[in-house]
Amino acid sequence: MLNLIVSPYDVAENGERYCKRIVSYLKEQKVEYAVYFHEKIENIVDSVTNAISLGENEFVVIGPDAVINAFVNSVKDLSKIKFGIIPTSPQDDFAKFLGISSNPIQAIKDILQKKIDTVDYLLVNDIKVVNNVLIGASADIFEKYSEHKVKNFITQNLAVMQYAGKFEGVELTLNFKGNKDKTENIYELSIANGGLSEGNAVSPLSNVKDGLFNLNYVVLPEKNERKKYLSLFKKGEHIYKESTNQFWLENLKITNADNKIKALIDGRIFNLDQLNVSIIENGLKIYKNVD
């Protein structure tokens, strides 16, 4: 049976509306299903735990990266489940990176083919991460943008204009094999499995099937260069800048003196003491069109 995990309205306005269309299609196709609606993203763990306790192992996540993140972190053993994704926006990063259709009916048709694509995911401390982690200016701006009552393209750009030049960096120590520990005042850093964040190509060379993640970062530029760099970062053009440090890794440890690191993980803000990052190769079994 397919268990539909639906995004809360405050995370994705289209979640419940898309679910109704999908349910109508499943009824036409005489496919057995169950639906789990949620008022808050924190409620997803109860739905998933309950379904798995009943012996269920097939899921469909209707929502963006934050909902997928909540879903996978509700599952103790990901090797025992398979799931599909229904994006609720053409800009849903992980789904778009995987080439999943943004049309909900086409997406459910592809899921019903039951063809499995295995892809990597990240482990950050004990948090499963499907897409990527951002630390620095983007995470700071995202948090400030999230405080706006009205969230749209205009207020998002306003947050960038207001805070990109003011962000003074975060001092981090990076530890990974083959490199001496480095303590840098970092302006922008990404740890990427998938290469998109908020529709931006933050890691255009990423590959979710190679058993490696991409680390790229830049130390704090001069004030008049910060907005320019962030603009390049969002276009994926930062990788061509000499100031960008780029590595392909299996493991990474990030610490700082304050034991306080703000990270944007799969579209959700986390405040962590430190980050211990590793890659789980072929850890996700995703229903999608693999042709």
Side-chain angles (χ1 to χ4, degrees), residues 1-7 12 14-15 18-19 21-26 28-34 48 51-52 56-75 77-123 128-132 192-197 199 201-214 236 248 250 266-267 278-291:
M1 181 169 70
L2 287 181
N3 295 270
L4 310 184
I5 304 299
V6 186
S7 174
N14 289 330
Y18 279 18
C19 181
R21 293 177 60 187
I22 292 161
V23 164
S24 178
Y25 182 79
L26 293 176
E28 289 177 5
Q29 301 301 310
K30 296 181 171 53
V31 175
E32 190 177 5
Y33 68 90
V48 176
I52 290 175
E56 298 296 333
N57 65 358
E58 293 185 300
F59 293 86
V60 175
V61 182
I62 304 174
D65 290 8
V67 177
I68 303 170
N69 179 278
F71 167 73
V72 298
N73 281 285
S74 302
V75 180
D77 187 352
L78 285 171
S79 70
K80 294 182 179 179
I81 65 112
K82 302 174 283 289
F83 70 98
I85 300 168
I86 308 289
T88 49
S89 161
Q91 298 303 315
D92 285 6
D93 295 314
F94 189 59
K96 184 176 182 179
F97 194 77
L98 293 180
I100 293 172
S101 175
S102 60
N103 181 305
I105 299 304
Q106 185 58 56
I108 193 65
K109 286 180 179 179
D110 292 340
I111 288 168
L112 292 176
Q113 295 298 312
K114 298 294 181 75
K115 294 179 180 178
I116 293 175
D117 196 19
T118 56
V119 302
D120 306 340
Y121 70 90
L122 302 175
L123 198 60
K128 304 179 184 81
V129 180
V130 297
N131 193 29
N132 50 46
N193 183 41
L196 299 174
S197 177
V202 298
S203 180
L205 300 178
S206 282
N207 185 333
V208 294
K209 290 175 170 288
D210 59 358
L212 299 169
F213 59 83
N214 174 226
W248 297 95
E250 295 178 342
D266 285 349
S278 58
I279 187 104
I280 309 299
E281 192 169 3
N282 298 323
L284 300 177
K285 299 176 184 176
I286 298 178
Y287 287 133
K288 64 182 289 286
N289 186 343
V290 296
D291 296 332

Let me confirm one number: the CG-CD1 distance from Leu4 to Ile86, rounded to the nearest 0.5 Å.
8.0 Å

Ignoring hydrogens and angles, tell me if any N or O in the side chain of Lys128 forms a donor-acceptor pair with the backbone of Val75 under 3.5 Å.
yes

So, Lys288 side chain and Leu98 main chain: donor-acceptor pair closer than 3.5 Å or not?
yes

To the nearest 0.5 Å, tell me how far Leu78 CG sits from Asn73 CG.
8.0 Å

Kindly indicate whether the side chain of Ile116, heavy atoms from C-beta on, has any atom under 4.5 Å from the side chain of Thr118.
yes

For Ala201 and Leu196, work out which heavy atoms get closest and say how close.
CA-CD2, 3.9 Å

Main-chain N/O of Ile81 paired to Lys285 side chain as donor or acceptor, under 3.5 Å:
no

Just by distance, do the side chain of Asp120 and the backbone of Gly211 share a donor-acceptor pair under 3.5 Å?
yes

In short, Ala107 meets Ser101 closest at the heavy-atom pair CB-O, 3.7 Å

Asn207 side chain vs Leu205 backbone, donor-acceptor pair below 3.5 Å:
no

Scanning both residues in full, the closest heavy-atom pair of Gln91 with Gly199 reads OE1-CA, 3.4 Å

Any donor and acceptor pair, going by atom type alone, linking the side chain of Asp266 with main-chain N or O of Val130 inside 3.5 Å?
yes

Shortest non-hydrogen contact between Ala66 and Gly267, atoms and distance
CB-O, 4.4 Å

Are side-chain heavy atoms of Pro64 and Ser7 found at a separation under 4.5 Å?
yes

Using atom types as modelled and distance alone, determine if a side-chain donor or acceptor of Asn14 lies under 3.5 Å from a backbone N or O of Thr88.
yes

When rounded to the nearest 0.5 Å, the distance separating CG of Leu26 from CG of Leu2 is 6.5 Å

Working to the nearest 0.5 Å, report the span between CD1 of Ile105 and CG of Asp110.
11.5 Å

Heavy-atom closest contact (Asn214 atom, Ser203 atom, distance)
OD1-OG, 2.6 Å

Could you measure the distance from the OG atom of Ser197 to the CZ atom of Phe97? Nearest 0.5 Å is fine.
12.0 Å

Of all residues at least two apart in sequence or in a different chain, which pass the ring pair (Phe, Tyr, Trp, His ring centres under 6.0 Å) check with Phe83?
Phe71

Within the structure provided, determine whether Ile68 and Tyr121 are in side-chain contact (heavy-atom separation under 4.5 Å).
no

So which pairs with a foot in residues 84-102 pass salt bridge (Lys or Arg N to Asp or Glu O under 4.0 Å), sequence neighbours left out?
none

Answer yes or no: is there a donor N or O on one side and an acceptor on the other, between the side chain of Asn132 and the main chain of Gly194, under 3.5 Å?
yes

Return each pair, listed once, that meets side-chain hydrogen bond (donor to acceptor under 3.5 Å, both in side chains) where at least one residue sits in residues 57-67; pairs must be two or more places apart or across chains.
Glu58-Lys114, Glu58-Tyr287, Asp65-Asn131

Mind checking the CG-CZ spacing from Asn193 to Phe213? Nearest 0.5 Å is all I need.
10.0 Å

